[in-house]
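All heavy atoms count here, side chains included; hydrogens, waters and symmetry mates do not.
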Amino acid sequence: MAKKNIIVIGGGASGLMAAGVAATNGARVILLEKMKTPARKIRITGKGRCNITNTAPLVDFIAHFGKSGRFLRQAFAQFFSSELITFLEGQGLKIGFERGGRVFPADGDAPLVARLLIDWVKDVGVELRTDVSVVDLLIKNDRVAGVVCNNNKKLYADAVILATGGASYPRTGSTGDGYRLAQSAGHTIVATRPALVPLRTAEKVVNGLAGLQLKNVNARLFINGKRKTQAFGELSFTKHGLSGPIILTLSSLVVDALRSKAQVAVILDLKPALDDAKLEARLQRDLKKRPHDPMNSFLRGLLPQELIPVCLDYAQVDLDMTAVMLPAQARKKIRHWLKNFRFEITGYGSLDEAIVTAGGVKTAEIDPCTMESKKSKGLHIVGELLDIQADTGGYNLQAAFSTGWVAGKAVCR
Ligand SMILES: Cc1cc2nc3c(=O)[nH]c(=O)nc-3n(C[C@H](O)[C@H](O)[C@H](O)COP(=O)(O)OP(=O)(O)OC[C@H]3O[C@@H](n4cnc5c(N)ncnc54)[C@H](O)[C@@H]3O)c2cc1C
């Protein structure tokens with residue numbers, strides 16, 4: 001039987017996987033990548049450590065995608081975290097397992113993951129063409145016939161896999177081209193917006209806190225005064241607001257709420273392990289031990305230095321008032337602040353700083369078993385370009401690898 005000619009557009013996680021799998025299964029594959037080197041995004045994932053996937057069981061894994069999770073069930077049934085780990089180990093990658101089921105390269109080297117994937121596609125015979133941008137799809141009678149490149153060159157194929165990613169971190173090459181290409185093939189694009197982004201607040205207090213990181217904090221999210229959800233873990237302050245893992249987790253709900261003009265607040269519990277009574281006991285104990293300490297140093301056991309003036313300002317207490325002089329009412333206010341450090345959220349980061357793009361190609365228009373378009377035969381759409389997005393924890397890369405794997409297999413059938 002004649003070899004199938006396949007074109008893959010985009011050399012990120014999903015495109016490299018799709019191209020390699022198609023070539024391994026006997027196809028002649030051309031992979032077109034607009035940047036000089038593929039996989040630019042993989043190199044910066046997980047703060048340069050690449051959180052490849054997560055060992056959470058399927059049901060929990062899918063739950064991290066919210067509404068978009070159901071669509072991925074079929075893809076994960078074919079190629080899931082254990083298959084990805086086995087595949088990467090087969091390419092020589094040593095794997096490390098961390099808390100929360102997170103999976104990383106053992107030596108935390110994200111660029112190594114990129115290099116392994118690029119070497120693999122070359123080894124299995126994929127023709128990798130970099131610095132080539134696809135500007136159009138050739139579609140005839142609802143069937144894809146090939147692509148048009150930025151040099152006006154037309155390339156023909158039996159099937160095309162569109163793997164151009166979302167629109168976040170555009171400097172990595174993911175500039176959202178795929179949305180226009182998919183639209184030209186008849187697809188609906190669910191409104192794109194930043195996800196897993198830092199949040200902005202008008203509260204001036206954050207200006208002096210930029211760079212401060214807190215561990216073991218509980219953040220409660222309120223939308224129009226109603227408590228929606230909460231997240232526990234690490235948080236950091238930026239010049240304009242809040243960031244860090246727990247804030248990114250809350251951000252998708254926040255973005256949607258702010259877009260619908262709702263009022264949003266995040267309230268931090270800086271001492272989630274201590275209820276009001278325990279906090280009072282703790283303050284009383286410290287008071288007995290160090291009654292003549294000025295409040296500025298008295299609170300050091302409870303708070304990082306940067307937060308002490310903020311807390312005392314809220315309680316209207318002078319920094320140099322001695323602990324023994326602290327009125328009971330002010331102590332109550334301090335206790336309240338420690339468990340209710342409040343921020344009105346007024347905005348969120350742009351796509352430039354979003355870890356993923358929410359929205360994208362409507363999944364109802366894609367066959368979940370093959371990733372083939374229901375609008376244009378022979379066209380397969382994979383990765384972040386689809387309307388799928390998950391929390392942090394390795395879920396997004398797994399979705400890119402799984403959908404790429406499924407499409408790479410399907411085009412060879
Ligand atoms: C800073 C950061 C950290 C992250 N960390 C993690 C993490 O640790 N774990 C995790 O699971 N997820 C992480 N993610 C998310 C994850 O990286 C993405 O969801 C995933 O890479 C998407 O893969 P993709 O193949 O769909 O798209 P991409 O990786 O974006 O690849 C798309 C490719 O297509 C190319 N391209 C675009 N348009 C064209 C065109 N017209 N012609 C030719 N080529 C084109 C681009 O240059 C790019 O190489 C992170 C994202 C960011 C930004």
Side-chain angles (χ1 to χ4, degrees), residues 1-32 62 65 67-80 83-84 121 126 134 136-148 155-166 177-190 359-389 396 398-413:
M1 216 165 72
K3 278 194 168 195
K4 287 210 172 161
N5 289 309
I6 309 297
I7 289 173
V8 179
I9 313 172
S14 62
L16 286 165
M17 182 57 85
V21 169
T24 309
N25 283 274
R28 188 178 295 120
V29 185
I30 298 176
L31 172 54
L32 303 170
I62 281 178
F65 287 82
K67 280 187 209 144
S68 58
R70 252 184 79 192
F71 169 79
L72 290 165
R73 191 175 280 274
Q74 308 286 346
F76 290 157
Q78 296 178 61
F79 187 82
F80 195 41
E83 283 84 10
L84 178 61
V121 299
V126 172
V134 169
D136 239 328
L137 296 176
L138 296 169
I139 296 185
K140 229 179 170 182
N141 303 330
D142 297 333
R143 173 165 254 296
V144 71
V147 302
V148 184
L155 296 172
Y156 294 90
D158 299 305
V160 170
I161 301 176
L162 189 53
T164 49
D177 300 6
Y179 302 124
R180 190 182 46 77
L181 295 172
Q183 254 172 337
S184 75
H187 282 283
T188 313
I189 306 300
V190 176
V361 175
K362 194 172 178 180
T363 52
E365 298 170 353
I366 303 292
D367 179 339
C369 297
T370 61
M371 299 298 137
E372 186 170 13
S373 157
K374 294 179 184 170
K375 301 283 179 182
S376 295
K377 281 230 140 301
L379 177 67
H380 295 247
I381 303 183
V382 297
E384 200 180 309
L385 176 57
L386 293 164
D387 177 24
I388 50 172
Q389 64 279 327
N396 288 296
Q398 179 69 52
F401 285 127
S402 293
T403 52
W405 189 94
V406 165
K409 267 263 182 203
V411 290
C412 297
R413 272 182 216 129

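For Arg180, the CZ atom sits in a packed shell: over 12 heavy atoms of surrounding residues, nucleotides or ligands are nearer than 6.0 Å.
Judged purely by atom type and a 3.5 angstrom limit, Lys4 uses its side chain to pair as donor or acceptor with the backbone of Arg413. Here the side chain of Asp158 pairs a donor or acceptor atom with the backbone of Asn5 at under 3.5 angstrom. Judged by distance alone, with hydrogens and angles left aside, the side-chain atoms of Ser402 form a donor-acceptor pair with the main-chain N or O of Phe79 at under 3.5 Å. No side-chain donor-acceptor contact under 3.5 Å links Glu83 to the backbone of Gln78.
Closest heavy-atom contact between Val382 and Ala163: CG2-CB, 3.5 Å. Of all the heavy atoms in Gly178 and Leu162, the pair that sits closest is O-CD2, 4.0 Å. In terms of heavy atoms, Val411 sits closest to Ala22 at CG2-CB, 4.0 Å. What you find for Ala407 and His380 is that their closest heavy atoms are CB-CB, 4.0 Å. Contact detail for Ala19 and Leu31: the closest heavy-atom pair is CB-CD2, 4.2 Å.
Between Leu386 and Met371 the shortest side-chain heavy-atom distance falls below 4.5 Å. Looking at Leu32 and Leu155, their side chains come closer than 4.5 Å, going by heavy atoms from C-beta outward. The shortest side-chain heavy-atom distance between Ile6 and Arg28 does not fall under the 4.5 Å cut-off. Leu138 is listed as a side-chain neighbour of Val148, based on a closest heavy-atom distance under 4.5 Å. Taking 4.5 Å as the limit, every side-chain heavy atom of Val8 sits out of range of all side-chain heavy atoms of Ile30.
The distance from the CD atom of Gln389 to the OG atom of Ser68 is 4.5 Å, given to the nearest 0.5 Å. Atom CD of Gln398 sits about 9.5 Å away from atom OG1 of Thr403, to the nearest 0.5 Å. One finds the CG atom of Leu72 at 4.5 Å from the CD1 atom of Ile388 (value rounded to the nearest 0.5 Å). Separation of atoms CG (Asp142) and OG (Ser376) is listed at 6.0 Å; rounding is to 0.5 Å. In this structure, CZ in Arg73 is found 12.5 Å from SG in Cys369, a value given to the nearest 0.5 Å. To the nearest 0.5 angstrom, Trp405 atom CH2 is 9.5 Å from Met17 atom CE.
Among residue pairs with one or both ends in residues 365-378, those qualifying as salt bridge (Lys or Arg N to Asp or Glu O under 4.0 Å) are Glu372-Lys377; sequence neighbours excluded.
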Requested in this report: Under the side chain to side chain contact (heavy atoms under 4.5 Å, CB included) rule, what do Lys409 and Asn25 come out as? Steps first, then yes or no, please.
Outcome: CA-CA 7 Å; Lys409 267 263 182 203; Asn25 283 274; 3.5 Å; yes
### Message
Run the side chain to side chain contact (heavy atoms under 4.5 Å, CB included) test on Asp387 and Lys362 for me, step by step, so that the C-alpha distance in whole Å, both residues' side-chain angles and the decisive distance to 0.1 Å come before the verdict.
### Response
CA-CA 6 Å; Asp387 177 24; Lys362 194 172 178 180; 5.8 Å; no
Margin query: I'd like to know whether Ile9 forms a side chain to side chain contact (heavy atoms under 4.5 Å, CB included) with Leu137, so could you lay out the CA-CA distance, the side-chain angles of the two residues, the decisive distance to 0.1 Å, and finally the verdict.
Written below: CA-CA 10 Å; Ile9 313 172; Leu137 296 176; 3.8 Å; yes
Practice item. Begin with the C-alpha distance, continue with both residues' side-chain angles, and end with the deciding distance and a verdict on side chain to side chain contact (heavy atoms under 4.5 Å, CB included) for Val147 and Val160. Key: CA-CA 8 Å; Val147 302; Val160 170; 4.1 Å; yes
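Inspection of the His187 and Ser373 side chains reveals an N or O donor paired with an N or O acceptor under 3.5 Å.
When each of Val361, Leu181, Thr164, Ile161 is tested with Ile381 by the rule side chain to side chain contact (heavy atoms under 4.5 Å, CB included), just one qualifies, namely Val361.
Take Phe80 and apply the ring-ring contact (aromatic ring centres under 6.0 Å, His included) test, not counting sequence neighbours, and it matches Phe61, Phe76.
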